[in-house]
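Have a look at the structure below before the remarks.
Values reported hereafter were calculated over all heavy atoms of this structure, with side chains retained and with hydrogens, waters and symmetry mates removed. The sequence lines fix the lettering, A, B, ..., with proteins before strands; numbering per chain opens at 1.
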There are 2 protein chains.
Amino acid sequence: MAGQQHVSCGRDLHCVPDISSSTQLASVAGFDFAAMPLVHPRFKREFLEGKAKDRQGAFARSDLFLSSQDWSSLVVGKLSPWLQLDSEDETTRKNSQAALKQELAYAAHLSVPAVLVPLTSNRCANLGRCLLSHMQGHSNHQVWIQVPMCAPSRLTDDLIENDTKQRSGGSNSSLDDSDIIPAGQDPWQWWNTLRRVCHHHKRLGVALEISTDLPPQSVINRWMGEPLKCAIFSTTLFLTNKKGYPVLSKAHQMVVNKLFRLDVQMMITGINRHPDKGIRAYQQYMDHLYQNQQPLTGVEAFAKGYEDYLQCPLQPLADNLESQTYEIFEKDPVKYTSYQKAVFQALKDRVPDSEKDTKTSVVMVLGAGRGPLVTASLKAAEQADRKIEVYAVEKNPNAAVTLFTLKEEKWGDNVTIVQSDMRDWSAPEKADIIVSELLGAFGDNELSPECLDGAQPFLKDDCISIPSAYTSHLSPIMSHKLYNEVRLCKDKDKNQDAHFETPYVVHLHNVTRLAPAVPLFTFTHPNKNSLDNTRYMSVSFTMEEEAEVHGFAGYFDTVLYKDIVLSTNPKTFSEGMFSWFSIFFPLKEPVHVTAKSDLVVHFWRNSTPRNVWYEWCVSEPVTMPIHNINGRSYTIGM
Amino acid sequence: MAGQQHVSCGRDLHCVPDISSSTQLASVAGFDFAAMPLVHPRFKREFLEGKAKDRQGAFARSDLFLSSQDWSSLVVGKLSPWLQLDSEDETTRKNSQAALKQELAYAAHLSVPAVLVPLTSNRCANLGRCLLSHMQGHSNHQVWIQVPMCAPSRLTDDLIENDTKQRSGGSNSSLDDSDIIPAGQDPWQWWNTLRRVCHHHKRLGVALEISTDLPPQSVINRWMGEPLKCAIFSTTLFLTNKKGYPVLSKAHQMVVNKLFRLDVQMMITGINRHPDKGIRAYQQYMDHLYQNQQPLTGVEAFAKGYEDYLQCPLQPLADNLESQTYEIFEKDPVKYTSYQKAVFQALKDRVPDSEKDTKTSVVMVLGAGRGPLVTASLKAAEQADRKIEVYAVEKNPNAAVTLFTLKEEKWGDNVTIVQSDMRDWSAPEKADIIVSELLGAFGDNELSPECLDGAQPFLKDDCISIPSAYTSHLSPIMSHKLYNEVRLCKDKDKNQDAHFETPYVVHLHNVTRLAPAVPLFTFTHPNKNSLDNTRYMSVSFTMEEEAEVHGFAGYFDTVLYKDIVLSTNPKTFSEGMFSWFSIFFPLKEPVHVTAKSDLVVHFWRNSTPRNVWYEWCVSEPVTMPIHNINGRSYTIGM
């Protein structure tokens, strides 16, 4: 079902008189899969009592109508629409339970890739239990919860329930939010209740019914943090263009583009409203939109295939980086250009034109790696027409091999290679400018503060540090996907919650940012007064929408020199830069927040002489246990 | 420090010029322990900057003043009152952190049994972190969080802060609740925030300052679910009796009695206000109250020493009970008397006086154990002057040995012993009355429904079952203690949360019931129509006070026959009966509930042909994952 070069688009079939010819039909029409009822809609089943209790015969079509290959790749099974798992009437409920069990078992028997389960209310604890009970068993298929994007107005309600009726007028009148989403009728809450009952099961997904009247942007964005597997477009959503073909409004196109980014499959439901063009026209239009997506940005292209993939943060002090890691990051089109500008400006400021031929500045590159900052500094000096002497200090002996080669072949005598940890080095002279690139995804998390403090003894009093400051930033996020990814990281050798007490470097993708990022810890250099790099701060966020908080995304920005800055904060992102992903601090238990409420989190940066680590703790809306107390699950080694 | 035959009562010392003579003094005065500052109050310590930064000398008295035996049994260490771990001022905060660390380390060095930590605000995340950090280390002492019972009015505030001031008038004017507890100023919230930050650490306790004006009963009761270790009584709380001795008001005496039940230690603070009687008069009065407590009730006496002790529920179908288990329960003074009454009444109703000599009723005791119900039935028949023939059916061959002996020695020919499982027995005739005692702490949890359904084939159409019905009851509870007890039950052979997905039989003690119990599942016998013993129900509770829900207490009541009932529900408890404790269904994560809010929980009784189990799930105020899905952590074997 996965489409790479074209969009995967399915067809919702309500009535399937002959299953093999219907799928053939849909298939001919260019669709990739079809959703169809699992059992015969008119084969009444009564499990407890009633005339049909002892009815003989097959409740569904035989599996022989399709090949097993087709069942497992082309068919999404639809549950019977009459099931009421949470009915107050015990007979209805128990009969529904028995029927659900039978249908799910048949779906597993057929090996369909997914089952479509309509959700119509917040009252779904027993449905959730029955689905979880089934998922804990031996089946493998996904469970797609079919839910509207926002509470249906009466109009769209009718359309969904009975899409053969003609669409009536007035659909373009814009309803205000309170009309669209009456209190207690937010379908996201239905979904959230169900998935919480199911403990965020990883095989749960959302089949989102796209609504005619789109909800506010914050509601659309909230869906983007959910495990969207399928987007259901009613044919009634489509307008007709001049040539008579079905097309979507600009607003709907925007939604479709967001869905494409998440590799969501599309599904067309409802009768063909453009019969002269054939049902295929809807699929072709979707594919047209897919082919005309905006190209990926630098970091998106770089991260392709690694979306939401959790990495443990680098520990460059404790471990040595590999050659290919250096090679990748040296290619960043933004970072070294900015460093070059910063060194250029610093040299200009430090050495007036009148002294440019007499005064030589000592530039120390601390953590030179394979030399990109040395090259940038030399270029900057040439460009600024200033004399510099460069020390390239690098602790990794393997990288130092490259440095010696580059000195020999390119840099010449003005560059001195020092193979040493900057914290141990006895420098022969003091520095005018130090240049370093020790920042991690969260700024200070690769121990830049501790390293640069170690260089303090060989800095001139008015030494310039590039970067001169950096600040970490934090934003609460919702992501069913990431919560499950963290759960998979469980490590038998560590304490039972260690994987939830570890930050991860990750390219955030199937994620909703619940509030703008706010600044957390700032470090400035040179750091003459206090060598205390421990920090404690609590920050507060105001939630836009009701949501689940699964953790915090961390970013940073840094002032290299004066107005030359780099940032990974989405609001101020340095376009084109790909050197850093984000960092993700998970929460052991999702924290439920209501719209407009405050979320307060406390962050600590603690240390011993050997280690540095973060601890974090939510205190509003409800106090949660401290994560990673005393660095029990994760520390950064000095 | 633990007192069994007399109350353990300590003395709070504010200023201790000579520690060895002061403790001697207190000891002479009959106190069991003393609370005193850990460090010299006038030895100013500045860790970051200031004149005192490099001050030489000892910050505390030497450990040599007392023997290590005395330090570890007589002294509760008080932290310095000036510590402000959550100050907005960074210097104050970091200085407080350093001082706290020093004092806690010294307390650990001295091996004092507990440290007293004053808590004055909801803003205590950093204090919590520092305490947790310390408790995760190598210390063993308890951490007593000193917190007022309710928000101090200005009056009591002054008294606590400076108890040498004379108590002014007006203290008897009753303040209404809103005066006592201004919004956001509930000290229980301070404590709750702190302990949640500390993840309910098991060495955290409460040292409760008893207030002059007592809060509402619901607030007092809420404290009784907390880990109370010490109750602090200011000398200003005491009235003076006719003979000039200090005494407490009736209302305060009620509180003291509740505290005694929880083995809370007492502490007297403030200057002696009855100097002619000596400070010892306060301790003597406390001991007087202790000696004059109400005697324990039947079940309290029976459970002495087993309070809050978690047992796995009996599985009498899968396992055979031991002789001593039978022996203990046969002694219940209420249960068998009630059964006898029930059989008496049933025989009277079934056989009119006119037929008493001609009609013999077949009474089957199903699960006869060592015979108490056989004896009760025979006595009832004699008392009713009705003829009966008794079958004593028992599956446990070891208990059957006793039955054969009793038939031989006491019961005679009217009793037939059947060593068989009632579900497999081919009865030679049908029963008029069946008598059974298959109920567990939660009613149906020892599979009485399944057993009695198995007896259905050999019941006459109008057979009477004793019991004729039973209903489980549920009530949400708060208990820091039980939450920690469950945590200790972790079993390496089971899934990581299995111990939180298992119900426990327990005598509830250090527990607050947050709402009255409501009925859950009802079973009636004989059960002719439906043999479906699965159940599903959601129940709702309205919270009286803001609280943490740690789980649900389960009880049951049963109608033996007509108006003859037994109940373990606290509201209708069968006084004197001790055969059943309660059952406790834990929650993996405590659920925070606000005052007047609703708590909704779903309970399922599910089964396969081999097993029965419960599942449970909270859905309001927030949806939590289902516990024990598919019986993965706990089932009851058939």
Contact class of B/Ile626 relative to chain A, heavy atoms under 4.5 angstrom = both
Go through the atoms of A/Leu132 and report whether side chain, backbone, both or neither lie under 4.5 Å from a heavy atom of chain B.
-> both
B/Cys198, part contacting chain A, at a heavy-atom distance under 4.5 Å = neither
Side chain / backbone / both / neither for A/Val197 at chain B, heavy atoms under 4.5 Å | both
Compile a table of inter-chain donor-acceptor pairs under 3.5 Å between chain A and chain B, counting both main-chain and side-chain atoms.
residue  : atom : partner  : partner atom : Å
A/Lys94  : NZ   : B/Asp532 : OD2          : 2.6
A/Lys94  : NZ   : B/Thr534 : O            : 3.4
A/Lys94  : NZ   : B/Thr534 : OG1          : 3.3
A/Asn126 : OD1  : B/Trp604 : NE1          : 2.6
A/Arg129 : NH1  : B/Glu615 : OE1          : 2.6
A/Arg129 : NH1  : B/Glu615 : OE2          : 2.5
A/Ser133 : O    : B/Asn630 : ND2          : 2.9
A/Ser133 : OG   : B/Asn630 : OD1          : 2.6
A/Arg196 : NE   : B/Thr623 : O            : 2.4
A/Arg196 : NH2  : B/Thr623 : O            : 3.1
A/Val197 : O    : B/Ile626 : N            : 3.1
A/Lys490 : NZ   : B/Gln496 : OE1          : 2.2
A/Gln496 : OE1  : B/Lys490 : NZ           : 2.2
A/Asp532 : OD2  : B/Lys94  : NZ           : 2.6
A/Thr534 : O    : B/Lys94  : NZ           : 3.4
A/Thr534 : OG1  : B/Lys94  : NZ           : 3.3
A/Trp604 : NE1  : B/Asn126 : OD1          : 2.7
A/Glu615 : OE1  : B/Arg129 : NH1          : 2.6
A/Glu615 : OE2  : B/Arg129 : NH1          : 2.5
A/Thr623 : O    : B/Arg196 : NE           : 2.4
A/Thr623 : O    : B/Arg196 : NH2          : 3.1
A/Ile626 : N    : B/Val197 : O            : 3.1
A/Asn630 : OD1  : B/Ser133 : OG           : 2.5
A/Asn630 : ND2  : B/Ser133 : O            : 2.9

Checked B/Cys617, B/Ala125, B/Gly128 vs chain A; the most non-hydrogen pairs under 4.5 Å come from B/Ala125
